[in-house]
There are 2 protein chains.
Amino acid sequence: LDYQHVQVPFEITLWIMLASLAKIGFHLYNKLPSVVPESCLLIFVGLIMGGIIYGLNDKSPPVMDSDIFFLYLLPPIVLDAGYFMPSRPFFENIGTILLYAVVGTIWNVFGIGFSLYGICQVKAFHLQDVSLLHNLLFGSLIAAVDPVAVLAVFEEIHVNEKLHILVFGESLLNDAVTVVLYKLFRSFCEMPAIKSMDVFAGVGKFFVVGLGGVLVGLTFGMTAAFTTRFTKDIRVIEPLFVFLYSYLSYLTAEMFHLSGIVAIIACAMGMKRYVEANISLKSHTTVKYFMKMWSSVSDTLIFIFLGVSTIGENHEWNWPYICFTVIFCLIWRALGVLVLTFFVNRFHVNSITSKDQFIIAYGGLRGAICFSLVFLLPDFRRKKLFIAATTVVILFTVFVQGMTIRPLVDLLAVKRKRESAPTVGEQIHIRFLDHLLAGIEDISGHWGQYYWKDKLEYFNSKYLQKILLREYDQPKSSIVLLYEKLERKHAIELAEAGQLGHAPSHPSLLNNDRTVITDKKLEDTLNPDVLENIQEILARNLYRIRRTGPAYNRHTLPGETEPVEHAKEILILRHKSL
Amino acid sequence: LDYQHVQVPFEITLWIMLASLAKIGFHLYNKLPSVVPESCLLIFVGLIMGGIIYGLNDKSPPVMDSDIFFLYLLPPIVLDAGYFMPSRPFFENIGTILLYAVVGTIWNVFGIGFSLYGICQVKAFHLQDVSLLHNLLFGSLIAAVDPVAVLAVFEEIHVNEKLHILVFGESLLNDAVTVVLYKLFRSFCEMPAIKSMDVFAGVGKFFVVGLGGVLVGLTFGMTAAFTTRFTKDIRVIEPLFVFLYSYLSYLTAEMFHLSGIVAIIACAMGMKRYVEANISLKSHTTVKYFMKMWSSVSDTLIFIFLGVSTIGENHEWNWPYICFTVIFCLIWRALGVLVLTFFVNRFHVNSITSKDQFIIAYGGLRGAICFSLVFLLPDFRRKKLFIAATTVVILFTVFVQGMTIRPLVDLLAVKRKRESAPTVGEQIHIRFLDHLLAGIEDISGHWGQYYWKDKLEYFNSKYLQKILLREYDQPKSSIVLLYEKLERKHAIELAEAGQLGHAPSHPSLLNNDRTVITDKKLEDTLNPDVLENIQEILARNLYRIRRTGPAYNRHTLPGETEPVEHAKEILILRHKSL
């Protein structure tokens, strides 16, 4: 028996296997997942396994290695989140999300840090040796909402799209803030004296870390899209590039101390539309499938490890500190959401209801990121206290909040996600309104959201697509091509049947007085795949028709025959005069 | 900059990226791959990279780690090979393949070992210190044909199926022999004296290593199939099990010093049909795609590393020894193939032609397995000589033989693989003949290939399918179900159209006197996917129809009304009396 030789891959495979089997096990009993979130069950499995290891070895089970978490387990989940991010609601609410992620997180960090420092001054608790800086450092790691935990819970409760994107977007983007504050306070802890210069440098770092991450991500995303232009003869390695480039973007960002999470999201969102257009359908199925599979396994492993690592002797149970941590986490988050939403609602038509605010505050789950960060702390006397407090906060949020959020959503009758996909008619109307608003903004000289979206779309079709897509010049829109193909097929059929006058292949074309097929009815008869296909064709071509079609153009007046460039010139001049 | 932190995953990702980009690069110039095999080009890239590293650092570039090769790079390739192995030609030629793999490899090992020992006795070559055992050890690692190299070359030259499976099957199955002989000689080298007992134990080990590998593989394969029975609600992790269980079978076999290659092939071939039936179509696409992708990347990495590792200073250039190694490798392989084929042809109707024999002998390429084994040798004075000789043999076989085999195949007009898939008619005839032969063998009491195949099929449908498949009781064959579905759809269409008498939906049913559609013609009009589907339905159901259909049954005489069991009883009794 030569176990040493195969130990590393064997144990990794066994852990993944355990995670997968646990997942299957839960789904065999249909009732369990509807009551308890999967994340709780997995932590529970982890706790049992940790207990067994502890009982057998009589020493603490191995804790989750922070390197393994940040380098191998987190990226697949974030990649999956970024790749399947619904971009429309995300960009529509980007301002609110950023406000929650940046200001909200800073608010929480300082709120929790200072109030815990206050608690430490109470002599009865024996905590006087915990300095303000240590409390702030602890605040910076405990304040951040965890994307993995949020995703695990919110995927099951199906709240409305806006609420989902607000909580989830915040949990993703606050990584940049957490990284900066955590590293800042950690370096402050090790410094003999803090100059005001360092504080200003810290503020500047926010922008470097966040925007740097976006830049790194977009660079790798565009390179990935460009690479897939050349894979026509070797389809089988296409999916690889999607994974390799996104992973490289994450690693590169981490290497330069930028936000890896922000980088991988920017990479995934940036490359998605180009990669999808370039690679084959089978490659795309593989990419989607593997991404989901990978993130699902990572997610499972994280929760199991979280459970396993909880068991052991590396905790210092100072209950006042721990209890106040939980309480302050809840209070400061609730206050933060209330205050920030007050400002958000003043500037938005679609205001965030108080029910939604409650769910946003209540959905601030903590998870494995805090856990990994607390283990990464430099050794000092009270590290075990921080570990204990973090563990309790995570277990409290995941178990208590995670398990009660579904009944609360039911009880408050929070607006749910619509079950059906938007109909083709709705899609067309949304696109039409987008287009109209872009035109209105353009004419009125108000450079708002739609104006920029339109400009980006123009830049995309004019430059990016030509560089990144394999076949960028489609003279006709594909809906027209499809129609032509169908017509041709019909004609061939007629010819083959000897032009049988008594057998029209499309009876509905002749008998269309029989029934009026409404939009809804048509969609009921179509299967979902066909419908999705139609919607994709519409989504991809509605802009293009407008751009190339001579019938209507935003830059030309009706009946005008001058070239587009001329009309555009006039509009640009008018802009400048405004 | 924190490079240390991300070094391991970053460098792995970069290597894979390099391999993928190299692959794309070759395929951009269409003419190159048709002249030079990809493996040669990749080794060439590796040589250049090795040269650059050597030039920059002024020390030998890192050699490929044998552990990395055996634990991470080899399994994906073997898994791919096993999963997509054409099982019919493989099992039809299993006797010949085993003869080549076992007897042929032993022949080569001892032939090369003893003749090199003869060369070492020539005083002018200064090789007297290389003992017979060391020569045999070297023979054991240099004799084995490499599956990776064979696959890379033979996939491009499209020889006929039988020839392909003979060379490829040999290269896969000789692993068991190589493992045993290599470990045997290595332990002999370290022993002070060799007892005859040890030699006998070595012979016994052949069976343990080979059959143990098969057993481990089948166990994991069946477990994998059983696991996928329960993944209905969680389709997304289905592909994972295929990979996890096959990898576990490989690692377990390696752990017990069995043949990992044999194990993973047995696992893949065993689970394939059950897993395919259990998992969803998208999962299956992902499995196939990812397997191809993974093996393709591993393959590329292996050849690049082979090139990189060649550069450096760990060689001892004793040219007589090296040249004679190449010559003996060629001579003993040619002799072995000639002698073994002589015996094979005496017992087979479909004899192996002399052209085929030449290609089998010439296609005995050496590759990365030899290379990894030679680096695993314990340190002794002449290790560098062995490394040099192995490197030269690999480069000679891959470059000279690999590049000339295609022109030779053209020149000799070796029978090629048929371009088109077998027609539905052919498939039915093949199955019918199989069935007929099984019946003849059964009645005549000759327990041949078809008899066992039939028994295995019976065991499969009676027991295995019930345990391993999710829906094992299909009362009707699926072709009947499909027909019923079509009929129902047709009826609904007619009803919806108000039973229009003038518009029959299937004009061909009424106008069938118009044209007689031949089998060939029908297939020309069907697209390949539909055809594949038809063939799969036929393949899966022809046996079953025979089993369940009352019209004809091998175990009942025409007109007989007794239950099948009764008739079987009679046949079994007759068998015993024979």
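Note that the structure is predicted; figures quoted are calculated from it, not measured. Letters go in sequence order (proteins before strands), and every chain restarts at 1.
- In this structure, CG in A:Leu244 is found 14.5 Å from CH2 in B:Trp15, a value given to the nearest 0.5 Å.
- For A:Tyr289, the parts sitting under 4.5 Å from any heavy atom of chain B are the backbone and the side chain alike.
- Between chain B and the options A:Lys288, A:His257, A:Glu254, heavy-atom pairs under 4.5 Å are most frequent for A:His257.
- With a 4.5 angstrom heavy-atom cutoff, B:Leu71 touches chain A only via side-chain atoms.
- The line from CG of B:Leu251 to CG of A:Leu14 is 9.0 Å long, rounded to the nearest 0.5 Å.
- Ranked by heavy-atom pairs under 4.5 Å with chain B, the list A:Lys292, A:Glu238, A:Met17 is led by A:Met17.
- A:Thr227 is listed as a side-chain neighbour of B:Leu21, based on a closest heavy-atom distance under 4.5 Å.
- To the nearest 0.5 Å, the span separating OG on A:Ser20 from OH on B:Tyr245 amounts to 8.5 Å.
- Rounded to the nearest 0.5 Å, atoms CZ (B:Phe241) and CE (A:Met293) are 10.0 Å apart.
- Residue B:Lys205 places its NZ atom among 12 or fewer non-hydrogen atoms of other residues, nucleotides or ligands, all under 6.0 Å distant.
- Counted within 6.0 Å of CZ on A:Phe84, heavy atoms from surrounding residues, nucleotides or ligands total more than 12; the atom is thus considered enclosed.
- Ranked by heavy-atom pairs under 4.5 Å with chain A, the list B:Phe243, B:Tyr72, B:Trp294 is led by B:Tyr72.
- Only the side chain of A:Ile234 comes within contact range of chain B, with heavy atoms under 4.5 Å apart.
- Here NZ of B:Lys282 is found 10.5 Å from OG1 of A:Thr286. Values are rounded to the nearest 0.5 Å.
- Among residues 3-13 of chain B, the residues having any heavy atom closer than 4.5 Å to a heavy atom of chain A are, in sequence order, B:Tyr3, B:His5, B:Val6, B:Val8, B:Pro9, B:Phe10, B:Thr13.
- Between B:Ile237 and A:Thr300 the shortest side-chain heavy-atom distance does not fall below 4.5 Å.
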